[in-house]
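Both backbone and side-chain heavy atoms feed into the values below; hydrogens, waters and symmetry mates do not.
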Amino acid sequence: METSRGIFISIEGGEGAGKTTVLNAIRAYFEAQNCAVVCTREPGGTVVGERIRETLLATDQAIVPDAELLLMFASRAQLTQTLVLPALAEGKVVLTDRFTDASFAYQGGGRGLPVSKIEALENAFVGIRPDLTLLLDVGVAQGMARAQARGQQLDRIEQEQTDFFQNVRSAYLALAEQQPQRIKRIDASQSPEQVVSDVLAVLAAWQAG
């Protein structure tokens, strides 16, 4: 990695995994090192992306899997070209709540779309993967209980059936097995404090390595 280039880290996981808590902790970790940090999310992160997010998550209309995948990549292309790549070029740390791995998990594992189709879109319209991905892994029942405990209305994807989320989790774990250098699994069934502690330990080891 060139020293002038920034650091790109994604946080992945299913519903109720605690991604927001971890993202805030990582931001504080890097800010304590006097790094400029940019935080974003998927889908969303830009004006265009947030409108796509509303279409994807807030609608009560059925969206066919192919359309869902293309909308995800439309948001991701906008985010990558207008925010991620410019920030990295300026040497900043970019933290994102989900990135392309989420499409392999949700549209691939959950919807059953071919991995080759997702890879083709990734190569054509994104062309970058995070330097480090933290996979917050929690059982489906525990994760959904946490999501429901927030007291907020569940979005279109959060209303899916248990089998869907089991397939998403399996796809995430398969990705971690395939790419152990980049994707680090964190046991997110633990207390938030322990999860953050484990994440920061992984970060420190990754920086030292």
Side-chain angles (χ1 to χ4, degrees), residues 8-24 26-27 38-85 87 94-114 117-118 121-122 124-126 130 133-172 175 188 192:
F8 186 24
I9 297 175
S10 64
I11 303 163
E12 297 282 355
E15 273 54 44
K19 297 188 308 300
T20 301
T21 299
V22 166
L23 187 144
N24 290 333
I26 297 173
R27 177 176 61 191
V38 175
C39 296
T40 189
R41 68 175 182 175
E42 279 211 337
T46 64
V47 173
V48 171
E50 290 297 326
R51 291 181 180 176
I52 295 172
R53 181 185 182 91
E54 184 174 351
T55 298
L56 278 163
L57 301 181
T59 184
D60 57 0
Q61 301 296 310
I63 300 178
V64 299
D66 281 337
E68 182 178 274
L69 178 65
L70 290 170
L71 284 168
M72 289 289 185
F73 269 95
S75 175
R76 187 169 295 133
Q78 183 77 7
L79 180 70
T80 301
Q81 295 177 36
T82 66
L83 189 150
V84 175
L85 292 178
V94 178
L95 306 179
T96 182
D97 180 339
R98 297 200 172 118
F99 202 60
T100 309
D101 292 310
S103 281
F104 286 102
Y106 280 81
Q107 285 75 54
R111 303 293 186 207
L113 292 178
K117 184 177 291 187
I118 303 169
L121 291 170
E122 179 184 32
F125 301 113
V126 181
T133 295
L134 297 160
L135 172 58
L136 306 183
D137 179 46
V138 64
V140 172
Q142 183 179 358
M144 288 309 300
R146 288 177 179 174
Q148 292 165 355
R150 297 176 190 144
Q152 300 172 352
Q153 183 175 349
L154 298 179
D155 64 39
R156 184 180 64 86
I157 292 179
E158 288 172 338
Q159 295 176 37
E160 287 291 345
Q161 300 300 308
T162 299
D163 285 353
F164 173 86
F165 293 114
Q166 295 285 11
N167 290 335
V168 168
R169 185 187 184 199
S170 295
Y172 267 134
L175 285 170

inquiry  = Once salt bridge (Lys or Arg N to Asp or Glu O under 4.0 Å) is applied, do any residues pair with D137, and if so which ones, sequence neighbours excluded?
reply    = R169, R185

key: Spacing of L113 atom CG and Q107 atom CD [to the nearest 0.5 Å]   = 7.0 Å

remark   = Here the gap from F125 atom CZ to T100 atom OG1, rounded to the nearest 0.5 Å, amounts to 12.5 Å

request  = Ignoring hydrogens and angles, tell me if any N or O in the side chain of R53 forms a donor-acceptor pair with the backbone of P43 under 3.5 Å.
outcome  = yes

Side-chain (S75) to main-chain (G44) donor-acceptor, under 3.5 angstrom = yes

message = I'd like to check L175 versus T133 (side-chain heavy atoms, cut-off strictly below 4.5 Å). Are they in contact?
response = no

Nearest heavy atoms of G45 and E50, plus distance in Å = N-OE2, 2.8 Å

query = Does the side chain of R98 reach to within under 4.5 Å of the side chain of Y106, using non-hydrogen atoms?
reply = yes

ask   = Quick one: does R27's side chain have a donor or acceptor within less than 3.5 Å of a partner on V22's backbone?
value = no

ask   = How close do A17 and L136 get, heavy atom to heavy atom, and via which atoms?
value = CB-O, 3.5 Å

task = Answer yes or no: is there a side-chain heavy-atom contact under 4.5 Å between T96 and V84?
result = no

ask   = Does the side chain to side chain contact (heavy atoms under 4.5 Å, CB included) test come out yes or no for F164 and I157, once each step is laid out?
value = CA-CA 9 Å; F164 173 86; I157 292 179; 4.1 Å; yes

key: Over all atoms of both residues, closest heavy-atom pair of G109 and A171   = CA-CB, 3.9 Å

task = Could you tell me whether the side chain of L95 reaches within less than 4.5 Å of the side chain of I9, counting heavy atoms only?
result = yes

inquiry  = Would you compute the distance between atom CG of L69 and atom CG of L56 and round it to the nearest 0.5 angstrom?
reply    = 10.0 Å

ask   = Just how far is it from atom CG of L23 to atom OG1 of T20, taken to the nearest 0.5 Å?
value = 7.0 Å

inquiry  = Between Y172 and F104, does the side chain to side chain contact (heavy atoms under 4.5 Å, CB included) criterion hold? Intermediate values first, please.
reply    = CA-CA 8 Å; Y172 267 134; F104 286 102; over 6 Å; no

remark   = CG of L79 to OG1 of T40, rounded to nearest 0.5 Å, is 4.5 Å

task = Any chance you could measure R51, atom CZ, to L71, atom CG, to the nearest 0.5 Å?
result = 14.5 Å

ask   = Any idea which heavy atoms bring D101 and S10 closest together, and the distance?
value = OD2-OG, 4.4 Å

task = Check the surroundings of atom CD in Q159: do more than 12 heavy atoms from other residues, nucleotides or ligands lie under 6.0 Å from it?
result = yes

query = What are the two closest non-hydrogen atoms of A87 and V94, and how far apart are they?
reply = CB-CG2, 3.6 Å

remark   = Residue set satisfying side chain to side chain donor-acceptor pair (under 3.5 Å) with Q142, at least two apart, ordered chain then number -> none

Ring pair (Phe, Tyr, Trp, His ring centres under 6.0 Å) against F99, all qualifying residues, sequence neighbours excluded = F8

request  = Keeping to residues at least two apart or across chains, list the salt bridge (Lys or Arg N to Asp or Glu O under 4.0 Å) pairs with something in residues 62-81.
outcome  = E42-R76, D66-K117, E68-R111, E68-R156

All side chain to side chain donor-acceptor pair (under 3.5 Å) counterparts of R146, not counting sequence neighbours = none

ask   = Heavy atoms, side chains only, cut-off 4.5 Å: are I11 and I26 in contact?
value = yes

query = salt bridge (Lys or Arg N to Asp or Glu O under 4.0 Å) with E54: which residues, sequence neighbours excluded?
reply = none

